[in-house]
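Structure first, then comments.
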Amino acid sequence: MIIQCNTPDNAPTTAGDTQVYGPGMWLIVTCMKMICYAKNKVILILTKLYDFHIGSVTESTLWRSTDYGSTYERMNDKVGSKTVLSYLYVCPTNKRKIMVLTDPEFESSVLISSDEGASYQKYRLTFYILSLLFHPTEEDWALAYSHDQKLYSSVDFGRKWQLIHEHVTPNRFYWSVSGLDKEPDLVHMEAHTPDGNVQYVTCRAQVCTEANRNYPFPGYIDISSLVVQDDYIFIQVPTSGRATYYVSYKRESFIQIKLPKYSLPKDLHIVSTDGKQVFAAVQEWNQNDTYNLYLSDTRGIYFTLAMENVKTTRGIGGNQMLDLYEVAGIKGVLIANKRQDNQVKTYITYNKGRDWRLLQAPATDLDGNDIHCILPFCSLHLQLHMSENPYLSGTISTKSSAPGIIVAAGNIGAELSYNNVGMFISSDAGNSWRQIFEEEHNVWFLDKGGALVAVKQPTVPTRHLCFFGHFSHRSEWQLIKIDYKSIFSRKCTEEDYQTWHLHNQGEPCVMGQKQIYMKRRPGNYCMLGKDYSRILSAESCICRAHDFECDYGYERRGDGNCRPAFWFNPSLLSRSCSQGQNYLNSTGYRKVVLNNCTKGVKEMYTARKQQCPNRPPKGLLLTTKDGKLTVNLGNNVTFLVHLDEGDSLQTNIQLDFGDGKAVSYSNLSWTEDGIKHMYKSAGIFRVTALAENTLGYDSTTLFLHVTCPVEHVQLLAPFVVIRNKEVNITAVVLPSHSRTVTYFWWLCNNTEPMITLDGSISYTFPNEGMHTITVQVAAANNILQDTKTIAVKEFFKSLLLSFSPNLDEFNPDIPEWRQDVGRVIKKALLQVCDFPEEQLLVAVFPGVPTAAELFLLPHKNQSEGKKKSEEELEQVSDIIVSALNQNLVEFELKPGVRVIVYNTQLTLAPLVDSNPRHSSSAMLMLLSVVFLGLAVFLIYKFKRKIPWINIYAEVNQEKEQEMIGSVGQGDSTPKITLSEFSTSKELMEKELDARVKSKEMSF
């Protein structure tokens, strides 16, 4: 015989200090961990000694019994005397096959047995197994999830393993479902991409290369959202800050789940899918500790409300447990705890949530005293906590082999309470109850529900029970076997049974049929046996109103009728079909799934087939598949076109992408899978859709942001500026963007930034001193910044500097190098003049040939007069120019490399201040300088005849413009804007030209 249990045989379960695997024994331990497996007369127990001082398991022992646990044999010599074991797995389709894992802290191996644990073969592993998943039909196939998030497969019961995929989400991998997936070795999994996104991936277990992988859902999904269960596959996709859920029914294309329009779910859990429909618990936007229960149609698409505000309880592991219980053995019967008016009450339904009612309390207590509990003010309330360990019964228990029997902990009163808790039992599926204990017990079913065992301490469901514990606090651990087989002295015969009619408060039709069951007569202690069948007969009933629930978009009103919700327009269902076709016009009702009623009001409540009307296009909607209005440059974007009204087969669809390209489709059906497009440049594009047929047209527009991540930002600003004079500041971003970058300017000590969409601003500094400017550039979810320090003065003196050609050979053209060389130049200049160090600034320009500008600043204290300060600057300038002309200013860049500093003679202004008192000669000199510079530029620009130079410059536009020369703005001094300075391209051309010249000179 096989000792039964309530959990999958291959599912390891941890509860406190106890681990249990397969059908078997529940053993309570605190200093040892024990694992049990029982089949036929064989019982396997794995004990582990945990050392609290070092915080780990130090040894293990494997025990085997062949006489239902009367005697045990130590099996350590069969697995290795020093081998420390961790987990024991039993193949669900062949329980003779057993897989035992070693503790990864000692070694990574698997021990395999094919004779119920009598002998073992050991195989080394290259990875640590965290969990195993056996195939539902193939006994030698298994999936293994490793400690480093890799998924492996084996087709020889763990002897050899093949890598399937890396970076797989824990517990989000599934074997194929028979009858739905074409290949029996297909694996469904949730895998992570290198950039951190998550995809739904399928492939065959032993052939899962990139070329053989499929992606049933084209986009990315939320992490830990993939659920493959029965006929359904569920995923969650983030859309515009809201969660959007999709379902695939019987492996068809994914369709968005339709919840009531304003449910706005914060969380959704799939409760069950085994009743040809989906039960989903949804936490809506205005809920915190409750969920709403929804039921779907057969395809799992359209959901309707079954119960509001179902209570939740936080489990031991911190998970939210829904107070909803599906009674085993009778379809359509559920029990739920609902929060209402700050009270929690227990309700029961017999038609899958169409109608709910309170539980009738027992008439008497354990002593036979009357209980005056009158509905609806007083009723029976049950605790609906499912045990997180499958070998404990939890607070409520039912079994499919014992239909109608419900045992639960609860209380009698106005609301659910955790005080004065007793045990209650119903033998007629919740219609009537009686109390059996005054304290909470764990209850298990024996002999297919033929007998119940209630124990205050944990045990296991079987006819042989094992208790593990102490006789006293000082005794050693003891294993006690209790054999209940003697209670069942014989096998039951027909005379031992009586009939039982399932009903709902006297109503014989439950889920559209009359069901008659057989149950053993009270007091007859006989064994039911394996061939015992509970259902005697089932007869369909005439359809009535309670066999139908409200259809999607309809709500049940106070009079019991279903009417459209305020947000729902019933006529929309007919607007997407084509002329000449038919559609189902809902009556506002739909038959409860799996309800077996016939005739009666069925025709009146069933949706009616009607011919599609012909309408002009209306309600055209254009969206992207992922619901976002942004896409990265170089990625495909998929547009979806939806039409509320209009003949989908006779309506032409045109889509203009806004980049000079457009497409046209003869009818809407061609766009069902979406319209893909890839943009070649960044920017904001106006995407327009037009729907047109012979009766009219409709159009809609979407603005799509095509973004490209910013890789580099450089702030261009003058090194020294005049107080109270406007100056231009520019941020150059690479790669170049158009209208998709936001600039945040932090100026001086302002607490709030100036925000612009343009990369240039004008600003006036009101105060003298050193001012810091920072620009932050935001694009495509990343932000870069650059910072510059600007000296603000009333006036200053500046000189342009050049250097001997050998400096260019060591110029890497990066900001750090320019700063270091600037300090060296400053030090060299201070050696030829007696001038305060803080009043002398040197700015090295980007690019080659290397050039710089020298700034002479007045002293902070100008009490002696401005004129005298100007004269001092002129004198220092003359000294420096003289030294430069005599080649007296030089510095050593590295051993053997000396660089000479020259005066370029061209300066933006001999002396710049804020007063318009320059003489005509000064003005003439300035204009001469400007024209001379322009002439030099033109000669340089057009004298080159090397064809490849221009190409080289085009592909190297990342040269930065780090510093702008001095800007003086008197009335007689022309304003110099950023556009007047050399661009990155021009600087590169100068570099190339200089290098070509140097090569020519070398020849």
Side-chain angles (χ1 to χ4, degrees), residues 2 4-5 7-13 21-24 37-40 42 44 87-101 109-127 129-146 150-165 168-191 200-209 212-214 216 226-233 248 250-251 273-274 390:
I2 298 177
Q4 300 294 325
C5 69
T7 186
D9 299 328
N10 62 320
T13 304
Y21 294 77
Y37 156 71
K39 179 189 180 297
N40 297 332
V42 176
L44 292 175
Y87 293 107
L88 183 152
Y89 291 85
V90 181
C91 176
T93 54
N94 182 357
K95 291 181 170 52
R96 292 181 60 84
K97 291 188 174 183
I98 297 167
M99 196 179 295
V100 185
L101 303 180
S109 300
V110 59
L111 293 99
I112 297 172
S113 173
S114 300
D115 53 9
E116 295 183 310
S119 61
Y120 295 89
Q121 291 178 303
K122 191 174 185 179
Y123 297 88
R124 294 283 183 179
L125 299 175
T126 58
F127 59 95
I129 296 179
L130 291 184
S131 62
L132 283 175
L133 180 66
F134 290 99
H135 194 277
T137 57
E138 298 292 335
E139 62 184 56
D140 289 335
W141 295 4
L143 299 177
Y145 187 76
S146 70
K150 295 179 180 178
L151 187 64
Y152 297 83
S153 68
S154 174
V155 293
D156 55 5
F157 202 70
R159 292 169 176 82
K160 290 180 299 204
W161 295 91
Q162 175 75 37
L163 177 65
I164 297 179
H165 205 295
V168 176
T169 304
N171 302 317
R172 298 296 170 174
F173 49 89
Y174 309 85
W175 277 112
S176 63
V177 178
S178 178
L180 294 175
D181 295 304
K182 295 180 180 179
E183 298 89 2
D185 62 341
L186 189 72
V187 178
H188 304 262
M189 70 193 108
E190 185 181 288
Y200 167 31
V201 184
T202 62
C203 65
R204 303 186 68 174
Q206 294 288 301
V207 189
C208 195
T209 61
N212 295 313
R213 293 171 184 168
N214 294 312
L226 175 66
V227 176
V228 180
Q229 195 167 301
D230 297 320
D231 292 343
Y232 309 91
I233 300 177
S248 169
K250 291 189 174 180
R251 305 306 186 261
T273 58
D274 55 359

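Throughout, numbering of the chain's residues begins at 1 and tracks the sequence. Everything numeric here is computed off the predicted structure, so don't read it as measured data.
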Margin query: Looking at every non-hydrogen atom in both residues, tell me the closest pair between Leu143 and Trp161 and how far apart they are.
Written below: C-CZ3, 4.2 Å

Next item on the list: Could you grab the distance from atom CD of Glu138 to atom CG of Asp185, nearest 0.5 Å is fine?
Entry: 9.0 Å

Notebook entry, point to check: Hey, does Tyr145 have a side-chain heavy atom less than 4.5 Å from the side chain of Ile129?
Noted result: no

Check: Is atom CG of Asn171 surrounded by more than 12 heavy atoms (other residues, nucleotides or ligands) closer than 6.0 Å?
Finding: no

Next item on the list: With rounding to the nearest 0.5 Å, note down the distance linking CG in Asp140 to NE2 in His135.
Entry: 11.5 Å

Note to self: For Trp175 versus Leu133, what's the shortest heavy-atom pair and its separation?
What the structure shows: NE1-O, 3.0 Å

Next item on the list: Give the minimum heavy-atom separation between Thr93 and Pro136, together with the two atoms involved.
Entry: CG2-O, 3.2 Å

Check: Closest approach of Ala205 and Ser153, non-hydrogen atoms and distance?
Finding: O-OG, 2.9 Å

Next item on the list: Establish, from distance only, whether the side-chain atoms of Asp230 and Thr273 form a donor-acceptor pair under 3.5 Å.
Entry: yes

Notebook entry, point to check: About how many Å separate CE of Met99 and CG of Leu88, when rounded to the nearest 0.5 Å?
Noted result: 10.5 Å

Next item on the list: Indicate the atoms forming the closest heavy-atom contact of Glu139 with Cys91, along with that distance.
Entry: O-SG, 3.4 Å

Notebook entry, point to check: Any side-chain heavy-atom pair from Leu44 and Val100 closer than 4.5 angstrom?
Noted result: no

Notebook entry, point to check: Counting N and O atoms only, with roles assigned by atom type, does the side chain of Glu190 sit under 3.5 Å from a partner on the main chain of Thr169, one being a donor and the other an acceptor?
Noted result: no

Check: Between Val177 and Arg251, is any pair of side-chain heavy atoms under 4.5 Å apart?
Finding: yes

Check: Passes side-chain contact (heavy atoms from CB on, under 4.5 Å), Thr202 versus Met189? Steps please.
Finding: CA-CA 6 Å; Thr202 62; Met189 70 193 108; over 6 Å; no

Margin query: Tell me the closest heavy-atom pair linking Ala118 and Ser113, and the distance in Å.
Written below: N-OG, 3.9 Å

Check: Would you say Ser114 and Arg96 make side-chain contact, with heavy atoms under 4.5 Å?
Finding: no

Next item on the list: Check whether any side-chain heavy atom of Arg159 sits under 4.5 Å from a side-chain heavy atom of Ile112, and report yes or no.
Entry: yes

Margin query: For the NZ atom on Lys160, are there more than 12 heavy atoms of other groups (residues, nucleotides or ligands in this structure) within a distance under 6.0 Å?
Written below: no

Note to self: Within this structure, what is the CG-CD distance for the pair Leu163 and Gln206, rounded to the nearest 0.5 Å?
What the structure shows: 11.0 Å

Next item on the list: List the steps and the verdict of ring-ring contact (aromatic ring centres under 6.0 Å, His included) for Tyr89 and Phe157.
Entry: CA-CA 11 Å; Tyr89 291 85; Phe157 202 70; 9.9 Å; no

Checklist line | Donor-acceptor contact below 3.5 Å, side chain Arg172 vs main chain Leu226 | finding: yes

Next item on the list: Could you tell me the separation between the NE2 atom of His188 and the CG atom of Asp181, rounded to the nearest 0.5 Å?
Entry: 3.5 Å

Next item on the list: Output the distance between atom CD (Glu116) and atom CG (Asn94), rounded to the nearest 0.5 Å.
Entry: 9.0 Å

